[in-house]
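Each remark here refers to the structure printed beneath this line.
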Number of protein chains: 2
Amino acid sequence: MLDATSSYKIMDAAPLPVDDRTGRRIVPETTRRADRIAATRYGNRPTMKDVAARAGVGLKTVSRVVNGEPGVTPETERRVQEAIDALGFRRNDSARVLRKGRTASIGLVLEDLADPFYGPLSRAVEEVARANGALLINGSSAEDPDREQELVLALCARRVDGLVVIPAGDNHRYLEPELKAGVATVFVDRPAGQIDADVVLSDNYGGARDGVAHLIAHGHRRIGFIGDMPRIHTAAERLRGYRAAMEDAGIPVEEKWMSLGVTDPERVRRAAEEMLSGPDPVTAVFAGNNRVTVTVVRVLAEHARRVALVGFDDIELADLLQPGVTVVAQDAAALGRTAAERLFRQLDGTLVTPERIELPTRLITRGSGELPPAD
Amino acid sequence: MLDATSSYKIMDAAPLPVDDRTGRRIVPETTRRADRIAATRYGNRPTMKDVAARAGVGLKTVSRVVNGEPGVTPETERRVQEAIDALGFRRNDSARVLRKGRTASIGLVLEDLADPFYGPLSRAVEEVARANGALLINGSSAEDPDREQELVLALCARRVDGLVVIPAGDNHRYLEPELKAGVATVFVDRPAGQIDADVVLSDNYGGARDGVAHLIAHGHRRIGFIGDMPRIHTAAERLRGYRAAMEDAGIPVEEKWMSLGVTDPERVRRAAEEMLSGPDPVTAVFAGNNRVTVTVVRVLAEHARRVALVGFDDIELADLLQPGVTVVAQDAAALGRTAAERLFRQLDGTLVTPERIELPTRLITRGSGELPPAD
DNA sequence: CCCGCATCTGACAACGTTGTCCAGGCTCTA
DNA sequence: TAGAGCCTGGACAACGTTGTCAGATGCGGG
């Protein structure tokens, strides 16, 4: 699908006209080179050769000027620069890459660029890339493992120097040849599956445990957990944190208090309403991520009974709601920055052994988590 | 800065060891090719040549298999595929690009990927790119014209097939050679400066006018406008809309009601507090974009007096605040989608003449805009 | 049995750049 | 004034791929 052959017309050579009598293709009178250009190039950009011709110098001299290499007299340099400006020449980095072996670009595969959690993360990666002279190619996996693989491999085909991946799938064996070939790789937010790779995580377990413990400390015992699909590492870890906090407090967890699944509003809404109704409704909810929190806030706003809430991930304006939403905040930008920095250290050669880095989370109390149980 | 020469080591040929006595460089015994590989390639990826050798076929046959071209017997194909898997071969798209002339990638230059307005826009562009078999390279200009130019030109050097640009600067003459060379280009959110190019905008003028008229309709006459820097097209247009609405209502605008500048919280906060104090404070505020709205909401929450508010751009959870925030919503995803689609139609050749497309905005009333003036 | 044709395969050049190496001209010194 | 050494510039190959074209092989028909 992402294969360039299936793309908008990668313009193939124009079919040659055919001689009616012989059935043979007629090679036009134009020189072969001009012909090829007309056929495959639509823009016909000037090359160093053109610049050299116009400036009356050798090819390599142009290259020297373009790359600021020494050994060119000011006068020659002026002539070359003039030709460059006149022709609107711009170096073709594809050719350069082919020659040099590095692309000075890195790839970032995440779930959804539109998610407010990934925007800052992506931006942070970009800033680090920029500081290291590299460009960033993004792709959204839409939480689909196949799409993740497709994207990652497409990026490898582009010969990105490194990859920052927020994995959707749980098997990354397919990356082995690439890793072996020297593609630097760092996983973020969730660990890689079945391969040994660098990974930068938030302390999902600890954060969730603290958040739930916070609710328990405020007197809650019937606490609901609404999270993402259990196959997603962060969701599983946060659930584990929830269970741990409950166990620490000696509260037996009931099955109906936990709901894992896709985070679209309908599902979350149903889950929340279920927990909030019935004979022994929960008095507090722990929301497993920003998407869930937003929907739960909506549901609670419609509810008469005051229900406590702690959410994982900070959300904008959380402080202005009534009550303010208490959250376990993770620092998306720090995740991205840390991952990208490790990536470039891999590229330096400074970093060799894969490591697992865990960044702390921070409980931000704003009111919703401090509501007492209203039975 | 983005020039690859200044990047993390684009590994140059390793400096040859020098003979102490003669001062000459010693060329090692190893073959030239092996030497080169060790020096410039860190990964030494297999190429089609290697695959061909291993499979015992010709180079072109491998190419045929890799690209799914016809004319290869199943048996040959099997052998080739086996070699590919065994070696972990992956086609080098840089070389492919060099040969074919198109990169199947497009560039997106925007202000800040971390801004919740640009996330969805970027994602929409990505989806269209994906549907057309292209990858997306993003860059954030951070609202700096130089950085915008640097990014755009770096993307052109990578030979992206097209560019979607949210301009930071107001002079895009520098793009002329690129346009002439056939780089498809669409500007979004703000028009290009000094060149004739496709552009997709929201109806900033009309949206702001409607929003302000809405406040006027609810009895306000002293209405403040807090917006972005006036050199930014959207800011200027929205201010124009504000003025128009006021003029339509026959309300003379006072200088102190208008504040344009950077949208960081401190500046906006000062501006808002100024308007809200003094002898004739404003009774309503029109916030020029999402950043401004968020800060103004905060300021108003601290204020005793009820002040009406309409903001440009929708913001998450705006409906859950007390009162809900009335906004003039623009559809960021639609902007991105429309722009990207036009881009690919340019690449098709379907589209030739530059056009200016304006997407409508939508007033969403939620309460804050319907508060009566509290003098 | 051989020719013609179709099918499959491979040699080769070209894409635009950069690294290597050599040539020519200059300056400087003996 | 000649030789040595330096500086500048250019010819050439190579990066890994794809398009062209021609050669090889196999098969059927005359």
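Each chain gets a letter, A, B and so on, in the order the sequences are listed, and its residues count up from 1.
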Protein-nucleotide distance ([X], atom [atom1]; [N], atom [atom2]), rounded to Å:
{"X": "Asn92(B)", "N": "dC15(C)", "atom1": "CG", "atom2": "C1'", "answer": "13 Å"}
{"X": "Met48(B)", "N": "dC15(C)", "atom1": "CE", "atom2": "P", "answer": "19 Å"}
{"X": "Arg159(B)", "N": "dT17(C)", "atom1": "CZ", "atom2": "C1'", "answer": "11 Å"}
{"X": "Leu87(B)", "N": "dG16(D)", "atom1": "CG", "atom2": "P", "answer": "14 Å"}
{"X": "Asp50(B)", "N": "dC15(D)", "atom1": "CG", "atom2": "P", "answer": "10 Å"}
{"X": "Glu69(A)", "N": "dG10(D)", "atom1": "CD", "atom2": "C1'", "answer": "14 Å"}
{"X": "Arg99(A)", "N": "dG16(C)", "atom1": "CZ", "atom2": "C1'", "answer": "11 Å"}
{"X": "Glu77(A)", "N": "dC7(D)", "atom1": "CD", "atom2": "C1'", "answer": "15 Å"}

**Prompt:** Which one, dT17(D), dT18(D), dG16(C), comes nearest to the side chain of Phe89(B)?
**Reply:** dT17(D)
**Message:** Which residues pass the side-chain hydrogen bond (donor to acceptor under 3.5 Å, both in side chains) test with Arg90(B), not counting sequence neighbours?
**Reply:** Glu178(A)
**Request:** Could I get the full list of side-chain hydrogen bond (donor to acceptor under 3.5 Å, both in side chains) partners for Thr353(A), not counting sequence neighbours?
**Result:** none
Could I get the full list of side-chain contact (heavy atoms from CB on, under 4.5 Å) partners for [X], not counting sequence neighbours?
{"X": "Glu82(B)", "value": "Arg78(B)"}
{"X": "Arg64(A)", "value": "Lys60(A), Thr61(A), Glu69(A), Val72(A)"}
{"X": "Pro177(A)", "value": "none"}
{"X": "Asp144(B)", "value": "Asp146(B), Arg147(B)"}

Hey, is the side chain of [X] poking within less than 4.0 Å of OP1 or OP2 on [N], counting only N and O atoms?
{"X": "Ser63(B)", "N": "dT18(D)", "result": "yes"}
{"X": "Lys49(A)", "N": "dT17(C)", "result": "no"}
{"X": "Arg91(A)", "N": "dT18(C)", "result": "yes"}
{"X": "Asn67(A)", "N": "dT18(C)", "result": "yes"}

**Asked** Between Thr103(B) and Arg158(B), which heavy-atom pair has the shortest distance, and what is it?
**Response** CG2-O, 3.6 Å
**Prompt:** How close do Val51(A) and Val80(A) get, heavy atom to heavy atom, and via which atoms?
**Reply:** CG1-O, 4.1 Å
Listed pairs under 3.5 Å, donor-acceptor, residues 134-142 of chain B side chains, sequence neighbours left out:
residue: Asn138(B); atom: ND2; partner: Ser122(B); partner atom: OG; Å: 3.0
residue: Ser140(B); atom: OG; partner: Glu126(A); partner atom: OE1; Å: 2.7
residue: Ser140(B); atom: OG; partner: Leu113(B); partner atom: N; Å: 3.3
residue: Ser141(B); atom: OG; partner: Leu110(B); partner atom: O; Å: 3.3
residue: Ser141(B); atom: OG; partner: Glu143(B); partner atom: N; Å: 3.2

Polar atom pairs (N or O), protein with nucleotides 5-12 of chain C, under 3.5 Å:
residue: dT9(C); atom: OP1; partner: Thr73(B); partner atom: OG1; Å: 2.9
residue: dT9(C); atom: OP1; partner: Thr76(B); partner atom: OG1; Å: 2.3
residue: dT9(C); atom: OP2; partner: Gly71(B); partner atom: O; Å: 3.4
residue: dT9(C); atom: OP2; partner: Thr73(B); partner atom: N; Å: 3.1
residue: dG10(C); atom: OP1; partner: Gly58(B); partner atom: N; Å: 3.2
residue: dG10(C); atom: OP2; partner: Gly58(B); partner atom: N; Å: 2.5
residue: dG10(C); atom: OP2; partner: Thr61(B); partner atom: OG1; Å: 2.7
residue: dG10(C); atom: O5'; partner: Gly58(B); partner atom: N; Å: 3.4
residue: dG10(C); atom: N7; partner: Arg64(B); partner atom: NH2; Å: 2.7
residue: dG10(C); atom: O6; partner: Arg64(B); partner atom: NH2; Å: 3.4

**Asked** Is any side-chain N of the basic residue among Glu127(B) and Arg123(B) closer than 4.0 Å to the acidic one's carboxylate O?
**Response** yes
**Complete:** Rounded to 10°, the helix from dC1(C)-dG30(D) to dA30(C)-dT1(D) deviates from straight, judged by its five-pair end axes, by 60°
**Item:** salt bridge (Lys or Arg N to Asp or Glu O under 4.0 Å) against Glu77(B), all qualifying residues, sequence neighbours excluded
**Value:** none
What protein N or O atoms touch nucleotides 22-27 of chain D N or O atoms at under 3.5 angstrom, if any, and at what distances?
none

**Message:** Less than 4.5 Å apart, side chain to side chain, heavy atoms only: is that true for Arg45(B) and Phe89(B)?
**Reply:** no
